[in-house]
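Per chain, numbering begins at 1; letters A, B, ... match sequence-line order.
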Amino acid sequence: MAGKESSSVPSTPLLKDELDIVIPTIRNLDFLEMWRPFFRPYHLIIVQDGDPTKTIKVPEGFDYELYNRNDINRILGPKANCISFKDSACRCFGYMVSKKKYIYTIDDDCFVAKDPSGKEINALEQHIKNLLSPSTPYFFNTLYDPYQTGADFVRGYPFSLREGAPTAVSHGLWLNIPDYDAPTQLVKPRERNTRYVDAVLTIPKGTLFPMCGMNLAFDRELIGPAMYFGLMGDGQPIGRYDDMWAGWCTKVICDHLGLGVKTGLPYIWHSKASNPFVNLKKEYKGIFWQEELIPFFQSVALPKDCTSVQKCYIELSKQVREKLAKIDPYFTKLADAMITWIEAWDELNPSGAAAGAANGTAK
Amino acid sequence: MSLKIEDNEVDIVIAALRPNLNTFLEAWRTFFSNFHLIIVKDPNLEEDLQIPPGFDHQVYTKSDMDRVLNGASINFSGHSCRYFGYLISRKKYIISVDDDCLPARDNSGVIVDAVTQHISNLQTPATPFFFNTLYDPYRQGADFVRGYPFSLRDGVECLLSCGLWLNIADYDAPTQIVKPSERNTRYVDAVMTVPLRAMMPLSGINIGFNREVLGPALVPGLRLVGEGKRRWETIEDIWSGMCAKVVCDHLGYGVKSGLPYVWRGVGSDTDNPMDSLKKEWEGVKLMEEIVPFFQSVKLPKTAVTAADCVIEISRMARENLASLNPVYAQAADTMEAWVNLWKVAGSDRL
């Protein structure tokens, strides 16, 4: 890396006062050293999972607030039971306490990737570009994101749809260790993702996708309350479905409210392959349950009077309770937790509160 | 569920809108040499075609079209002439590339075998019911990601493979006017399934499809009043692509988009997009009606073949669109005539 410049001054706005980076961690934050040139301008919200008596050292020079389990319990009181423990799902607490318009969340085993020309990828800059330009959920553009330099809408794309929809979510991808489920990892332990696909595209309205929380950005004002990562980890029958759950809820709500979800660039470099046997134990129920969850989400209809994310989410929780409880009592608990989440969100984010009023505690 | 497509199950259909096919065919020789070519001459083209030796091919001209049409009202002039090739073919699969497109090079400089890629897209399943964020899971080095339901991993048969273009992208006339020197230089190394119910504009420039199942849906129905020879003066492929997508969605098949790329530009008329705008503006306006129409099409359970579906769509087009513009009534007529011709083709009586 000696002598190599980081990305030249971006013409994309930095949004340094409008974006928080949320990082869940249980180990350490060494990975931040590699991200330093890209993350330095931003405020970090670190959510420390696991043992709260452990001290997680944050590298020098970062502006951050850090929350451990004791903080979460103190801030949320009885509502803290909606935040997972011993699972990276706890990251959504960071979304809730943030006061910024945008969130970028990244896992602590994700590093800066290089594009095919060898240049380091400024993932955050790409996410910002994705969020600041419209999505096109109503008609598929075969040249992918028409707002990217060098691309446009193709012949046949209706002009009335070319303004697009506001982008709520930017879902990035990963080189090296792909985000496979445990069975696939067991069958293909050596497979690495080496294919750099130079595209961003909008996931069409009405189409669901598996949202991965490793490299994800979203407009908190547009969709934040839908980004609840569910009940996972300690005391729960399931793990590794936190981001999936949030993704299905988010997509259904985005489709209802006329918001867009993009996927594709940017890539990060995913360095750590988690143990597939451990993963299998966590995911096992999910693999069966998702067979019923997908048809459920595919057929969800939200009534017209659900005009806010919170209303949509509460309605969704009702339908989860009605229709999914028969799969497992877990879903009744989850439906409760979904409501608790929204109550906690609204308490911490009363409508009309000025953005930027700092509330976090730097430690 | 992957199929194995043999070379002798494929015809390559070339619409000859200009007489000299030497450059085009020589450039594609390596990739076309194992296949039978159906070369369809634009009925408005008067000069003889120049075809280099060594290709297994058959040329079809206006007289063949007149004989087959036997009075049916289908206009095969211009870019629509290729549909005659689709009709007359006896093979299960068709690959078709515009005669102003040459093989492209990928990001490592390797020449792309578009034919093999289309065949690969048609051989491997499509996954329209759930989006895979790593794109085509059947490609080497890829797979379904975490969270992809296992019951959906068999996929469905892919009936249509829509390729892309480097250099001169398939833009409409207004975009050409605003960005006359823009060239598509981005080689996106992905194939993906276009999800269920998502509509897309099919570009007829570079496609492969299952003729046996989907043939009747690729119909030269919608002709602009001022249709011209340049690609951006037509929208017949856009209309047929929407038919094809609706049919695939209804019958439970898939459509893929992405690789292969072709290099578009040799012989493409990039001058005078203003002239094109005069011809194409009508199409730009029609898309505003066409897209909502196709998005609202619901086919009955009794429509179990592409032909059934096309007849239904033509009926709905007549009911819902004909009052808006005479081209739609014409399209509906053409679609019906097309399905009838297709039935005759199926019984080998052409």
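Of the two parts of B/Asp237, only the side chain, counted from C-beta on, holds a non-hydrogen atom closer than 4.5 Å to a non-hydrogen atom of chain A. There is no contact between A/Lys205 and chain B, counting heavy-atom distances below 4.5 Å. Residue B/Ile290: no heavy atom, backbone or side chain, is found under 4.5 Å from chain A. Proximity to chain B is absent for every atom of A/Leu293, based on heavy atoms less than 4.5 angstrom apart. Heavy-atom distances place both the backbone and the side chain of B/Val145 under 4.5 Å from chain A. For a residue to count as touching a neighbouring chain, one of its non-hydrogen atoms must lie under 4.5 Å from one of that chain's; by this rule B/Phe144 touches chain A with the backbone only. Proximity to chain B (any heavy atom under 4.5 Å) is restricted, for A/Glu283, to the side chain, taken from C-beta onward. In this structure, chain B has heavy atoms under 4.5 Å from both the backbone and the side chain of A/Leu208. Residue contact with chain B, scored on non-hydrogen atoms closer than 4.5 Å, involves the side chain of A/Arg162 exclusively. Heavy atoms closer than 4.5 Å to chain B are found nowhere in A/Thr194, neither backbone nor side chain. Proximity to chain A (any heavy atom under 4.5 Å) is restricted, for B/Leu164, to the side chain, taken from C-beta onward.
Remark: side-chain polar atoms of A/Lys188 are paired, donor with acceptor, to backbone N or O of B/Ala142 under 3.5 angstrom. Judged by distance alone, the side chain of B/Arg146 and the main-chain N or O of A/Arg240 form a donor-acceptor pair under 3.5 Å. A donor-acceptor distance shorter than 3.5 angstrom exists from the side chain of B/Gln295 to the backbone of A/Tyr138, with no hydrogens or angles considered.
Highest contact tally toward chain B, considering only A/Thr184, A/Leu173, A/Asp198, is held by A/Asp198 [criterion: heavy-atom pairs under 4.5 Å]. Per-residue heavy-atom pair counts under 4.5 Å with chain B were compared for A/Trp174, A/Tyr180, A/Trp248, and the maximum is reached by A/Tyr180. Among A/Ile287, A/Asp243, A/Asn279, the residue making the largest number of heavy-atom pairs under 4.5 Å with chain B is A/Asp243. Interface summary for chain B: among A/Gly206, A/Pro204, A/Ala151, the most heavy-atom pairs under 4.5 angstrom belong to A/Ala151. Interface check for chain A: of the options B/Asn184, B/Thr133, B/Ile238, the most heavy-atom pairs under 4.5 Å are formed by B/Thr133. For chain B, the option among A/Glu191, A/Glu291, A/Arg195, A/Met244 with the highest count of heavy-atom pairs below 4.5 Å is A/Arg195.
A distance of 12.0 Å separates CG of B/Asp143 from CG of A/Asp179, quoted to the nearest 0.5 Å. Remark: A/Thr207 OG1 to B/Phe130 CZ distance equals 10.0 Å, nearest 0.5 Å. For the atom pair B/Met200 CE and A/Phe139 CZ, the distance stands at 8.5 Å (nearest 0.5 Å).
Side-chain contact between B/Phe131 and A/Leu201: present, with at least one pair of heavy atoms (C-beta onward) separated by less than 4.5 Å. Side chains of B/Phe150 and A/Gln290 form a contact here, defined as non-hydrogen atoms less than 4.5 Å apart.
At a threshold of 4.0 Å, the pair A/Asp255-B/Arg197 does not count as salt-bridged, since none of the basic side-chain nitrogens sits closer than that to a carboxylate oxygen.
The minimum heavy-atom distance linking B/Tyr135 with A/Ala199 is given by the pair OH-O, 4.1 Å.
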